Amino acid sequence: MAKGTMREAFAADPKRFETFSATDGDLLLDWSKCAVDADTMAMLEKVADAADLEGRRAAMFEGKKINITENRAVLHTALRNLTGKGVVVDGQDTKAEVIAVLDAMGAFADAIRSGKAAGATGKKITDIVNIGIGGSDLGPAMVTLALAPYHDGPRAHYVSNVDGAHIHDTLKGLSPETTLFIVASKTFTTVETMTNAETARKWVEKALGKEAIGKHFAAVSTALDLVAKFGIEQDRVFGFWDWVGGRYSVWSAIGLPVMISVGPRNFRAFLDGAHEMDEHFRTAPMRKNLPVLLGLIGWWHRVVCKYPARAVIPYDQRLSRLPAYLQQLDMESNGKSVTLDGTAAATPTGPLVWGEPGTNGQHAFFQLLHQGTDFIPVEFLAAATGHEPELKHQHDLLLANCLAQSEAFMKGRTLEEARAQMLAKGMKPADVDRIAPHRVFSGNRPSLTILYRKLDPRTLGRLIALYEHRVFVEGTLFNINSFDQWGVELGKELATGLLPVVEGKETAANRDASTAGLVGHIHQLRSAE
Ligand SMILES: O=P(O)(O)OC[C@H]1O[C@](O)(CO)[C@@H](O)[C@@H]1O
């Protein structure tokens, strides 16, 4: 916004909310508390046109190989397009394959839920442990928490970290007789997952014997040959495809633990919600298109305003893992420094994404958001109603806090207002002079709000798809490939080489001095134990 503050803009234009908000069904996006005006929006639309956003969007939906560094199509949208026309990739009809896997998942989920597919000793499965990391963990873990009111099947647990503490503490309260492990890995080579899977296998073998493995393991992967080698029975292996990126895979068989916990019908509603958002993204005009608008605002904040980060604050406790999920979705997709043609990016690309649920964040880091030296745009998410009618008074308080925070970021408090308030409370003028500057809020700090009716499976599907497409829009404007992740490779390679050094089987002498020093210190601390 070229002139004035947001506070002035709201005072001058009673229709500011109507102008800078949009809906898709019961989902509302309000970006009126971002420092934009009509000229900004017109400029952003031109940026989108110049980047051929519409052409690139069509290429994604049509299954063109837009992931150019891996020569892959990007078709997570095909995983939830169960009624429309299918897309053919490399001669394969994606729709037929998707439906076949979904049907197999449904049959397996029903068998586990009913007890038909029992454990080796005939006991019903009560707990599922998903072993996976990154996209094979964050999506289903986040969704499991979000859909807690819909759980009527076995409990779902998630083990991701190679730190043995994670699987140890998870298994502590569980019985091998009633536990099913789902080994989830797109590549089936990820060292964290394979290490935890081995630990789980030993745990089951120790209690129930080798022959019990078949009844206590299932797998989800694109690498069916490697799954077979691990020894998981064929009818418990659920595939997906290289046109599904790990961080976009919750809609695929990676969602199996969710389906088992909430049932195939609720899982289908989740997919349908995402498909509705796909259709909205594909067809709605730019000015009313929620993912496009969210992406344009994100680009504006990052590239024009140069804000380094954005905070995602769901005023919805069950979305407490959404920030972690979005960290991977957004930062692994758009944390890139080269453009599609391999040249250095001339503008900043994806921001740092972080957050915590409200109201908890308020009592932790909101101080910095209100009065810190950096401006960090905040994204609020909230449901009009909760799932607990008897606790409506708590939901009202939650919403009041959410609205109060966005109002405070926008309005701020001037020195005069701070002084007047303090004097009205009867404070001594000398104290007022001394303390008032500390009680000033600059205001004009941007935030946007996403409101929905209730966090049901369909709404959750729409919300996640909204964020997926937002990442696509921003990646398109940055002119980068949002669908590869070469930046995670180097650390993995070095870890492989460092393992024998940590184990003490190889010397650290040819490492850099810091690494060698740290290894030496670890060995010293261990020898003192
Ligand atoms: O599902 P996989 O193949 O085990 O990979 C897990 C995660 O690892 C990554 O490749 C990053 O290391 C992510 O992109 C992916 O979601």
Side-chain angles (χ1 to χ4, degrees), residues 66-76 79 101 105 129-144 158-163 166-167 181-201 217-230 232 237-258 321-336 350 353 464 467-468 471-472 475 480-499:
I66 61 169
N67 177 355
I68 53 160
T69 59
E70 297 180 305
N71 194 30
R72 288 177 182 169
V74 172
L75 273 177
H76 42 280
L79 297 168
V101 174
M105 287 165 65
V129 179
N130 188 81
I131 298 181
I133 196 164
S136 301
D137 165 73
L138 289 163
M142 178 270 290
V143 172
T144 295
Y158 291 85
V159 170
S160 51
N161 202 328
V162 77
D163 183 344
H166 200 177
I167 190 155
F181 291 93
I182 299 176
V183 185
S185 173
K186 183 175 169 183
T187 55
F188 228 69
T189 56
T190 304
V191 70
E192 292 89 338
T193 300
M194 300 328 294
T195 308
N196 278 320
E198 274 307 330
T199 303
R201 175 152 64 184
F217 275 82
V220 179
S221 186
T222 58
L224 302 184
D225 46 338
L226 297 181
V227 179
K229 260 195 205 153
F230 187 89
I232 295 174
V237 179
F238 304 90
F240 60 113
W241 308 270
D242 73 359
W243 39 264
V244 182
R247 53 194 174 273
Y248 298 87
S249 65
V250 64
W251 324 97
S252 72
I254 290 290
L256 183 61
V258 177
R321 290 298 285 162
L322 182 71
Y325 171 80
L326 292 181
Q327 279 170 10
Q328 186 196 18
L329 180 67
D330 205 323
M331 297 201 278
E332 202 173 71
S333 296
N334 287 346
K336 311 278 165 71
V353 179
I464 300 172
Y467 269 98
E468 283 179 345
V471 167
F472 174 85
I480 57 177
N481 179 4
S482 299
F483 301 103
D484 59 12
Q485 57 282 321
W486 301 105
V488 300
E489 296 300 327
L490 180 58
K492 282 189 199 173
E493 283 164 25
L494 294 180
T496 311
L498 270 165
L499 180 60

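These numbers were taken from a predicted model, which means no experiment stands behind them. Each ligand, and each atom within it, is numbered from 1 in the order the structure gives.
- When Arg247, Glu192, Glu332 are checked for heavy-atom proximity to atom 13 (C) of ligand 1, Glu332 turns out nearest.
- Taking the charged nitrogens against the carboxylate oxygens, Asp484 and Lys336 do have a contact shorter than 4.0 Å, which makes a salt bridge.
- Of all the atoms in ligand 1, the ones that sit under 4.0 Å from a non-hydrogen atom of Gln328 are 13 (C), 14 (O), 15 (C), 16 (O).
- In summary, the side chains of Thr69 and Asn481 do present a donor paired with an acceptor at a separation below 3.5 Å, with no hydrogens or angles considered.
- Heavy-atom proximity to Thr190, at under 4.0 Å, picks out these atoms of ligand 1: 2 (P), 3 (O), 4 (O), 5 (O).
- Using a 4.5 Å heavy-atom cutoff, the side chains of Glu192 and Asn161 are not in contact.
- Less than 4.0 angstrom separates some heavy atom of Gly134 from each of these atoms of ligand 1: 16 (O).
- Listed by atom number, the atoms of ligand 1 under 4.0 Å from Lys492 heavy atoms are 10 (O), 12 (O).
- Against a heavy-atom cut-off of under 4.0 Å, Gly135 is close to the following atoms of ligand 1: 15 (C), 16 (O).
- Relative orientation of the Phe188 and Phe230 rings is perpendicular, given thresholds of 30° and 60° on the angle between their planes.
- Of all the heavy atoms of Thr187, the ones lying under 4.0 Å from any atom of ligand 1 are found in both the backbone and the side chain.
- The main-chain N or O of Lys186 is found under 3.5 Å from a side-chain atom of Thr222 such that the two form a donor-acceptor pair.
- The Val488 neighbourhood of ligand 1 comprises atoms 11 (C), 12 (O), with distances under 4.0 Å to a heavy atom of that residue.
- Note: Thr195 OG1 to Ile131 CD1 = 10.5 Å, rounded to the nearest 0.5 Å.
- Side chain to side chain, Trp251 and Glu468 meet the donor-acceptor criterion of an N or O pair below 3.5 Å.
- In the candidate list Ile133, Ile254, Asp484, Thr193, Ile133 is nearest to atom 7 (C) of ligand 1, counting heavy atoms.
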